[in-house]
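Take a look at the structure set out below.
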2 protein chains.
Amino acid sequence: MELDAKKTAVIFKAFCDENRIRILQLLQGGEKCACMLLEEMHITQPTLSHHMKILCDSGIVTGRKEGKWMHYSISAEGVECAQEYLISLKDIKEENYNE
Amino acid sequence: MELDAKKTAVIFKAFCDENRIRILQLLQGGEKCACMLLEEMHITQPTLSHHMKILCDSGIVTGRKEGKWMHYSISAEGVECAQEYLISLKDIKEENYNE
DNA sequence: TAGATATATTGACATTTTTCTATTTGACGC
DNA sequence: GCGTCAAATAGAAAAATGTCAATATATCTA
C-alpha cells in the first residue's frame, strides 16, 4: 500500500499533540463516551470535539453515535495502517550512491 | 517502556509534516548528505536544517558529521520505539465501565 | 411542542510551527 | 591566516493549529 506524503501526515497528526496522546491513553481503557473524556481532560467541550475530529480523520479513532452520545474507541485497522508505514520505513533500499 | 504524553508527541512530530515525510522517503534510499536532500526538496537550506533537527530530536533520524558534511539516515531503533507505542495502543484493557 | 442535554460548528484570539533572509560557526585547502 | 563551502542559528513574517465563548444542531423526555 502506497500513501502519499500528505495522507501519511494526516494519519500521524493523531500522535503529535500532547492532549491527543492523553485522549488515546484514556481510550486504551476501552470505548468511551465524549462526556467521559471531557471529565478527565482539562479542556472545554469544543476543544475536545476539535481533537476528536482530528483523531477520527486520521483513522486512529472511530466514533459511534448512540442517541445524543458519541462513543469513541481506538480503531485497530487505523493503528495497523500506521504500523505498516513504520515497517516500510525500516526497509531501506540502499541505492549505491558513491561519495 | 512507559512514555509520557509530551515525549510521545515529540517522537511522532517526525511524521506529521508533509515535507518531513518526503525527507524520510528520500532517506529510505539509504544514508544521504544534507546537500543531497536539499537538491531534491524544494526548500531553502535553513528550512531543511530546521526539519532535520525535528527529525533528529524525534529519534527517527540520526546524523553523522563527516568534515563539513552531515549525513543523515533513518534510525531503526527510533522507528522501533515508535512501533512499540503503536503496538501498546492496540492492547486495550477493557475497564468494565457500565453505561 | 417545549425544554433539557450532548455534541458540533463558528468565529476570534493566542500560540506554535513553518518559512524565509541574513549572519555565524566550523572545517577544509591554499 | 584567508577565502570557500556546508550547515546551524537568529530573527522576522506568514501560515497553521489549539483554545475558548457563543451558538447551532440533534436527540431525548415530559
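Just so we're on the same page: letters track the sequence lines, and every chain starts at 1.
- At distances below 3.5 Å, at least one donor-acceptor pair connects side-chain atoms of A:Arg20 with backbone N or O atoms of A:Lys13.
- Scanning all heavy atoms of the two residues, the minimum distance from A:Asn19 to A:Met41 falls at O-CE, 3.5 Å.
- Across all strands shown, B:Leu37 has no heavy atoms under 4.0 Å from either base or sugar-phosphate atoms.
- Taking the side chain as every heavy atom from C-beta outward, B:Leu37 and B:Leu27 approach each other to under 4.5 Å.
- Contact annotation: B:His51 does not reach the phosphate of C:dT17 (side-chain N/O to OP1 or OP2, under 4.0 Å).
- Using a 4.0 Å cutoff to heavy atoms of chain B, the contacted part of DNA chain D runs 5' to 3' from D:dC5 to D:dT9.
- Here the side chains of A:Tyr72 and A:Leu26 are not in contact, with every heavy-atom distance at 4.5 Å or above.
- Remark: B:Glu40 pairs with no residue by the salt bridge (charged side-chain N to carboxylate O under 4.0 Å, His left out) rule, at least two apart or across chains.
- Between B:Phe12 and A:Phe15, the ring planes are tilted. Angles from 30° to 60° get that label.
- A straight line from CD1 of B:Ile43 to C1' of C:dT21 spans 15 Å, rounded to a whole angstrom.
- In terms of the salt bridge (charged side-chain N to carboxylate O under 4.0 Å, His left out) criterion, residue partners of A:Glu80 (sequence neighbours excluded) are, by chain and number, B:Lys90.
- Near DNA chain D, meaning a heavy atom under 4.0 Å from it, residues 59-67 of chain A has A:Lys65, A:Gly67 in order of number.
- The residue among A:His42 and A:Lys13 whose nearest nucleotide of DNA chain D is located toward the 5' end is A:Lys13.
- A search for salt bridge (charged side-chain N to carboxylate O under 4.0 Å, His left out) contacts involving B:Glu77 returns nothing, not counting sequence neighbours.
- The shortest distance between side-chain heavy atoms of A:Leu24 and A:Val61 falls below 4.5 Å.
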Letter per nucleotide, 5' to 3', of nucleotides 1-13 of chain C [B base touched, S only sugar-phosphate touched, - untouched; heavy atoms, 4.0 Å]: ----BSBBB----
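- Looking at A:Glu66, its side chain never comes within 3.5 Å of a backbone N or O of A:Cys33 through a donor-acceptor pair.
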